Participant: 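Before I ask anything, here is the structure I am working with.
Note that the structure is a prediction, hence the values are computed from the model and not measured. As the structure lists them, so they are numbered: ligands from 1, and atoms in each ligand from 1.
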Amino acid sequence: MQVKVISTNSGKFAEISKFFEGLDVQLEMQKLELLEIQADTLEAVVSRKLASVEESVGNCLVDDSGLFIDALSGFPGVYSSYVYRTIGVNGICKLMRGVENRSAHFECLFGFRINGRDYFFKGECTGEITDNPRGSGGFGFDPIFVPEGYSQTFAELPIEEKNRISHRGRALQHLRKFLENLLEKS
Ligand code: IMP
């Protein structure tokens with residue numbers, strides 16, 4: 001089975017490929033800039049992204065993720081990449097200065113079109129926002145997020161450990177199970 005991963009991010013493609021290892025699936029990265037609508041939920045963003053992929057592309061995978069901070073009513077959420085590019089991790093630390101409730105979570109949603117039908121797979125990872133950035137691994141908001149049950153930030157954890165517990169890793173585990181069942185039946 002062939003699946004096109006619609007993304008411009010080769011790091012993400014490599015991460016996704018790892019989760020498909022051992023399955024009879026040929027992944028191919030397709031660098032398409034998809035329309036990303038302004039919406040309040042990842043569900044709305046991802047379903048519109050998937051709907052904007054032409055049918056001729058065939059089996060494909062799109063995704064979106066974000067960091068949702070409780071004390072900021074879910075901000076930056078669906079605006080995470082914009083907020084990361086503008087105020088960045090230091091800006092978030094500033095907004096959170098003196099705030100007692102540090103709870104936050106990452107969410108990731110994959111939209112998967114297979115044989116003309118669309119399916120969605122979600123993963124979450126809860127944790128806390130640090131006072132200051134720590135660590136040099138990972139990307140995005142990794143240096144300011146400590147997952148529940150850990151004392152290190154995502155940026156301080158080995159990448160394999162992050163992938164095991166992260167929002168993206170969890171969503172991909174659901175997706176892999178779905179594919180395993182589908183391939184068994186066919
Ligand atoms: P994307 O939809 O996966 O590209 O993620 C949107 C934005 O959310 C990224 O630009 C990051 O700022 C943030 N983000 C998503 N996933 C992660 C993660 O695993 N670690 C840190 N930041 C993330």
Participant: Ion pair present between E15 and K12, side-chain N to carboxylate O less than 4.0 angstrom?
Facilitator: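 Looking at E15 and K12, the cut-off is not met.
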Participant: Look up atom CZ in F141 and atom SG in C93, then write down how far apart they are to the nearest 0.5 Å.
Facilitator: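 These two atoms lie 10.0 Å from each other.
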Participant: Which of these, S81, C125, S65, S80, has its nearest heavy atom closest to atom 15 (C) of ligand 1?
Facilitator: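 When every heavy atom of S81, C125, S65, S80 is considered, S65 comes closest to atom 15 (C) of ligand 1.
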Participant: Scan for ring pair (Phe, Tyr, Trp, His ring centres under 6.0 Å) pairs involving residues 163-186, sequence neighbours excluded, and state none if there are none.
Facilitator: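 Sorted result for residues 163-186: F106-H167, Y119-F178, F121-F178.
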Participant: Answer side chain, backbone, both or neither: which part of R168 comes under 4.0 Å from ligand 1, heavy atoms only.
Facilitator: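 The answer is the side chain of R168.
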Participant: Please list, in number order, the atoms of ligand 1 under 4.0 Å from a heavy atom of D142.
Facilitator: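 It comes down to these atoms of ligand 1: 18 (C), 19 (O), 20 (N), 21 (C).
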Participant: Of the backbone atoms (N, CA, C, O) and the side-chain heavy atoms from C-beta on, which set of F154 has a member under 4.0 Å from an atom of ligand 1: side chain, backbone, both, or neither?
Facilitator: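 Neither; no heavy atom under 4.0 Å.
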Participant: Keeping R113 on the side-chain end and D118 on the backbone end, is there a donor-acceptor pair under 3.5 Å?
Facilitator: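 Pair absent, no side-chain N/O of R113 close to backbone of D118.
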Participant: Answer with yes or no whether the side chains of S7 and N9 bring together a donor and an acceptor at under 3.5 Å.
Facilitator: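 Looking only at side-chain atoms, S7 and N9 do not form any donor-acceptor pair under 3.5 Å.
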Participant: Charged N to carboxylate O under 4.0 angstrom, K122 versus E107?
Facilitator: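 Yes, charged N to carboxylate O under 4.0 Å.
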Participant: Which ligand 1 atoms, with their elements, are less than 4.0 angstrom from a heavy-atom of K162?
Facilitator: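 Contacts of ligand 1 toward K162, numbered from 1: 18 (C), 19 (O), 20 (N).
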Participant: Please write down residue, atom name and distance for the protein heavy atom closest to atom 22 (N) of ligand 1.
Facilitator: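 Its nearest protein heavy-atom neighbour is F141 N, 3.0 Å.
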Participant: In the protein, which heavy atom is nearest to atom 14 (N) of ligand 1, and how far is it?
Facilitator: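 Nearest protein contact, heavy atoms only, for atom 14 (N) of ligand 1 is F106 CE2, 3.9 Å.
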Participant: Report the part of Y84 (side chain from C-beta onward, or backbone N, CA, C, O) that has a heavy atom under 4.0 Å from ligand 1; answer both or neither where that applies.
Facilitator: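 Within the 4.0 Å criterion, Y84 contacts ligand 1 through side-chain atoms alone.
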Participant: For atom 17 (C) of ligand 1, find the nearest protein heavy atom and state the residue, atom name and distance (0.1 Å precision).
Facilitator: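 Of the protein heavy atoms, F139 CZ, 3.4 Å lies nearest.
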Participant: So if I count the atoms of ligand 1 from 1 in the order they appear, which ones are less than 4.0 Å from some heavy atom of D64?
Facilitator: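 With D64 as reference, the close atoms of ligand 1 come out as 2 (O).
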Participant: Out of all atoms in ligand 1, which are within 4.0 Å of some heavy atom of K12? Include the element for each.
Facilitator: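 Matching atoms, with element in brackets: 1 (P), 3 (O), 4 (O).
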Participant: Measuring only between side-chain heavy atoms, which start at C-beta, is N163 closer than 4.5 Å to L172?
Facilitator: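 No, side chains not in contact.
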Participant: Is E180 salt-bridged to R176, cutoff N-O under 4.0 Å?
Facilitator: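 Looking at R176 together with E180, the answer is yes, because their closest N to O distance falls below 4.0 Å.
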